[in-house]
Amino acid sequence: MSQALQDLLDLLDLEQIEEDIFRGRSRSAVVPRVFGGQVAAQALVAAGRTVPEDRPAHSLHACFLRPGDPGAPIVYTVDRIRDGRSFTTRRVVAVQHGKPIFHLSASFQSYEDGLDHQEPMPRSPDPESLPTGAERLRGYGHLDPAVVEKFLEARAAVDLRYVDEPPYGKFGEPREPHSQVWFRTNGKLGGAVNEPLLHVVLATYVSDMTLLDSVLLAHGRGGWAVGDVVGASLDHAMWFHRPFRADEWLLYDQESPSAYGGRGLGQARIYTQDGRLAVTVIQEGVVRVPREPLSQGPG
């Protein structure tokens, strides 16, 4: 296991300060606020800590209310909405400086047999044949080296590989609003940390990294790394269909059906390497073209 992955696991290991109240810390992100995937993942950890282990998470719905302060702890309060015979529902509110910055509703279900079908996995090259994140980013001469290193530091716990050029690698002309990345943790999980909830939490963390890329591609924008848009996540929903491991390759197939009114919508499916549909993700975010040109760097 890499040190970066261990650091991420430590970040997601919340401190319990009272019954149904947990505290998390933050770390620096590409933009000067708490990374949305971190808050969503920590909130799911808080919810999962109040649910029996035999009821895995099957969905989450979240809203980002205010930018998080990376220099301050985040307090997560869990409301035990329902404990049914098959389903358990939890609501989590994340608070900083006395104000809610995020809320999440998560549902958990005990395993049962049922109907089974899925959308087939789209074509994609073998992830091992693709450049690593560091190889791609350090190959772009138009990017500020300081921005590149900040990106790599923020994503060091994840081996994330783009199938095609990311928005910040090739921009200026519209492209198809479709993006694929392969990802897995930068190291194997096992032993005491290998709990089923952890794989879902790690996928939640990664899911916020690239989902709005397809919005940028549709308009030939390079994104936060080159400063030709400003944006933030607004809401985020995930459905966990089938078991998967976050330390094995997962294909994140993403597209954008719409952008309007300063907002962009991304929707995606996550597949295991052997073709099982594991997760569906939908996110809307603020995507604005700045009125004044921005200097190169995160917006």
Side-chain angles (χ1 to χ4, degrees), residues 1-2 4-6 8-9 11-12 35-38 40-42 44-45 48 56-60 62 106 116-137 151-152 154-167 178-190 193-214 217 233 236-256 266-283:
M1 181 185 300
S2 67
L5 178 55
Q6 184 60 60
L8 175 58
L9 296 178
L11 185 74
L12 299 175
F35 169 52
Q38 175 204 305
Q42 287 181 333
L44 187 57
V45 169
H58 81 82
S59 71
L60 67 82
D116 189 347
H117 78 275
Q118 69 165 70
E119 184 77 13
M121 183 179 181
R123 287 190 171 189
S124 187
D126 186 324
E128 300 286 356
S129 70
L130 300 171
T132 66
E135 289 168 344
R136 273 204 189 272
L137 277 160
F151 255 101
L152 293 176
R155 298 180 175 182
V158 181
D159 187 348
L160 190 152
R161 307 189 184 193
Y162 279 87
V163 170
D164 295 310
E165 294 284 353
H178 177 249
S179 176
Q180 286 186 336
V181 298
W182 285 94
F183 73 88
R184 65 182 177 184
T185 57
N186 191 6
K188 296 295 288 184
L189 299 167
V193 300
N194 192 22
E195 55 183 277
L197 178 65
L198 180 61
H199 295 275
V200 171
V201 165
L202 288 166
T204 300
Y205 179 85
V206 177
S207 69
D208 192 39
M209 288 183 174
T210 62
L211 188 49
L212 297 181
D213 280 1
S214 51
L217 294 175
S233 303
H236 194 88
M238 302 180 72
W239 292 265
F240 306 103
H241 307 300
R242 294 170 178 82
F244 62 90
R245 294 186 60 88
D247 57 359
E248 297 177 352
W249 285 117
L250 297 167
L251 176 65
Y252 200 7
D253 188 74
Q254 306 154 94
E255 63 181 353
S256 175
Q267 58 188 27
R269 295 183 176 98
I270 298 177
Y271 292 86
T272 61
Q273 194 169 13
D274 61 2
R276 291 177 292 115
L277 176 57
V279 189
T280 296
V281 192
I282 297 179
Q283 182 184 90

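The structure places OG1 of Thr280 at 2.5 Å from NE2 of His241, a figure rounded to the nearest 0.5 Å. Between the CG atom of Leu8 and the CD atom of Gln38 there is a distance of 9.0 Å, given to the nearest 0.5 Å.
Nearest heavy-atom pair, Leu152 versus Leu137, reported as atom, atom and distance to 0.1 Å: CD2-CD1, 3.4 Å. Looking at every heavy atom in both residues, Asn186 comes nearest to Ala156 through ND2-O, 3.1 Å. Closest of all the heavy-atom pairs between Val158 and Phe183 is CG1-CB, 4.1 Å. Nearest heavy atom pair, residue Thr204 against residue Ala40, reads CG2-CB, 3.8 Å. Heavy atoms only, all atoms of each residue included: Asp208 and Gln283 are closest at OD1-NE2, 2.6 Å. Considering every non-hydrogen atom in both Leu217 and Ser179, the closest pair reads CD1-CB, 4.0 Å.
Applying the side chain to side chain contact (heavy atoms under 4.5 Å, CB included) rule to Pro122 yields the partners Gln180, Leu251, Asp253, Tyr271; only residues at least two apart in sequence or on another chain are considered. Take Gln254 and apply the side-chain hydrogen bond (donor to acceptor under 3.5 Å, both in side chains) test, not counting sequence neighbours, and it matches Thr210. For Glu165, the side-chain hydrogen bond (donor to acceptor under 3.5 Å, both in side chains) criterion is met by Tyr140, not counting sequence neighbours. Trp182 meets the ring pair (Phe, Tyr, Trp, His ring centres under 6.0 Å) test with no other residue; sequence neighbours excluded. With sequence neighbours excluded, the residues that form a salt bridge (charged side-chain N to carboxylate O under 4.0 Å, His left out) with Glu128 are Arg184. Remark: Tyr205 engages Phe35 in a ring pair (Phe, Tyr, Trp, His ring centres under 6.0 Å) (not counting sequence neighbours). Checked against ring pair (Phe, Tyr, Trp, His ring centres under 6.0 Å), His58 has the following partners two or more places apart in sequence or in another chain: Phe87. Take Ser256 and apply the side-chain hydrogen bond (donor to acceptor under 3.5 Å, both in side chains) test, not counting sequence neighbours, and it matches no residue. Residues that satisfy the side chain to side chain contact (heavy atoms under 4.5 Å, CB included) test with Ser59, not counting sequence neighbours, are His61, Ser107, Trp239. Shown here are the side chain to side chain contact (heavy atoms under 4.5 Å, CB included) partners of Ala278, two or more places apart in sequence or in another chain: Phe244, Thr272. In this view, Asp274 and Arg276 satisfy the salt bridge (charged side-chain N to carboxylate O under 4.0 Å, His left out) rule, not counting sequence neighbours. Taking Thr185 as the reference, Leu5, Leu189, Leu202, Ala246, Asp247 meet the side chain to side chain contact (heavy atoms under 4.5 Å, CB included) condition, with sequence neighbours excluded.
When side chains are defined from C-beta on, Tyr252 does not count as touching Leu160, because their heavy atoms never get closer than 4.5 Å. Residues His199 and Phe240 form no side-chain contact, since every pair of their non-hydrogen atoms from C-beta on lies 4.5 Å or further apart.
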task = Could you give me the CA-CA distance, side-chain angles and deciding distance for Gln118 and Arg269, then say whether side chain to side chain contact (heavy atoms under 4.5 Å, CB included) is met?
result = CA-CA 11 Å; Gln118 69 165 70; Arg269 295 183 176 98; over 6 Å; no

message = Assess the residue pair Asp126 and Gln273 against the criterion (side chain to side chain contact (heavy atoms under 4.5 Å, CB included)); give the C-alpha distance rounded to whole Å, side-chain angles, the decisive distance to 0.1 Å, and a yes or no.
response = CA-CA 9 Å; Asp126 186 324; Gln273 194 169 13; 4.3 Å; yes

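Using modelled atom types, one finds no donor on one side chain facing an acceptor on the other under 3.5 Å when comparing His178 with Glu255.
Tested against Leu130, the residues Asp164, Val163, Val181 include a single side-chain contact (heavy atoms from CB on, under 4.5 Å) partner, Val163.
Formation of a donor-acceptor pair under 3.5 Å by the Arg136 side chain with backbone atoms of Pro166 is not found in this model.
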